[in-house]
Amino acid sequence: MLIRIRRGWELPESAATPESAVMGRRAALGAGAILAAGALAPPAFAQAAAPAMRNTRFQPGRETTPERDATNYNNYYEFGSSKSVASAAARLKVSPWSVRFDGLVEQPRELALEDLLKQVSLEERVLRHRCVEAWAMTVPWTGFPMSELVRLAAPKPEAKFVVFETAAQRDTMPGLRQSWYPWPYSDGCTIAEARNELAFMATGMYGKPLPPQNGAPLRVLFPWKYGFKASKSVVRVTFQAEQPVGYWEKLQSSEYGFWANVNPEVAHPRWSQASERLLGSNERVPTRIFNGYGEFVASLYAGMENQRIYY
Ligand SMILES: Nc1nc2c(c(=O)[nH]1)N[C@H]1C(S)=C(S)[C@@H](COP(=O)(O)O)O[C@H]1N2
Ligand SMILES: [Mo]
């Protein structure tokens, strides 16, 4: 059997990727057969030769956004406030990279990203992403469930919230010179949200490593929340008892709340949330409550239906 070291972003299910060459045609076909059956990789298979298999539990229900659109229309304020930050973000230094776990954890520690990735199982998920500015995309991400990150961090029972702090590289990020912004960018969630099966840590997209402008080398995804909750280029994960105030909430709390669950009925002061524009097409589609992921996440908010929790 072939044993190989997988890299963080890998995702080899397509026969068109170099992995099929590495795995050999037969192994690639075997992986395809498992995929066709709709089954997840059994743990032994996932640990060994380890292509990141597509997790088919989360069906996107719409077409995948063309890669050039998803990677050239971004929000990454550290590199500027326009949508065209891809070339500026190319300066981001992504290696070496480490992630610090601190706050209410059993043992604060810093983990090199490559060591962290050896302790999680990678998979591919095609997920809908929805920005509060009412644009949306559908992307095949590679990564691992956020619950695995929580497990590695080992929070104490008193920890109720998680904060994701992101990189602040003075020498590569011109946006940091704008001192009125509350750098470093961060945002957070409850521990229950972080442990929800839909919360995801991405290391790749479209079968390749995450490009800098999309949050290399490790970013948060909450597919049922507005995109500003999806912190890019995470360097620190802090566990705490108090509800955190994120970057955008610090700037304008009347526009950006803690929960930020996608809801067509609660308008943002500047954008109706009733419909959304799909990147790469002129199509507008109706917004769905929880971005269409209610079956996975609505129970997290049971009893809060009558509160204005979406902002
Ligand atoms: N560090 C950091 N993370 C960030 C942002 C940012 O400006 N800086 N913007 C957020 C917003 S508003 C959105 S919509 C998504 C955009 O992700 P994308 O560029 O991959 O589409 O990243 C989020 N994460
Ligand atoms: Mo956004």
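Order of appearance sets the numbers: ligands from 1, and atoms from 1 within every ligand.
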Q: Look only at interatomic distance and state if Y77 has a nitrogen or oxygen under 3.5 Å from any nitrogen or oxygen of ligand 1.
A: yes
Q. Considering distance alone, does some N or O of W141 sit under 3.5 Å from an N or O of ligand 1?
A. no
Q: For ligand 1, note which part of T166 has a heavy atom under 4.0 Å away: side chain, backbone, both or neither.
A: side chain
Q: State plainly whether the residues K160 and E242 are in salt-bridge range, i.e. N to O under 4.0 Å.
A: no
Q: Using a 4.0 Å heavy-atom threshold (strictly under), name the region of F164 that reaches ligand 1: side chain, backbone, both or neither.
A: neither
Q.
Would N214 count as a polar contact of ligand 1, with the cut-off being nitrogen or oxygen pairs under 3.5 Å?
A. yes
Q | ligand 1 versus Y185: contacting region, heavy-atom distance under 4.0 Å | A | side chain
Q) Do E283 and R277 sit within salt-bridge range, that is, some charged N less than 4.0 Å from a carboxylate O? A) no
Q) Hey, is ligand 1 close enough to N75 that some N/O pair sits below 3.5 Å? A) yes
**Q.** Contact (N/O only, under 3.5 Å) between A230 and ligand 1
**A.** yes
Q.
Can you tell me which portion of R219 lies within the under-4.0 Å heavy-atom range of ligand 1? Options are side chain, backbone, both, or neither.
A. side chain
**Q.** K232 N/O under 3.5 Å from ligand 1 N/O
**A.** yes
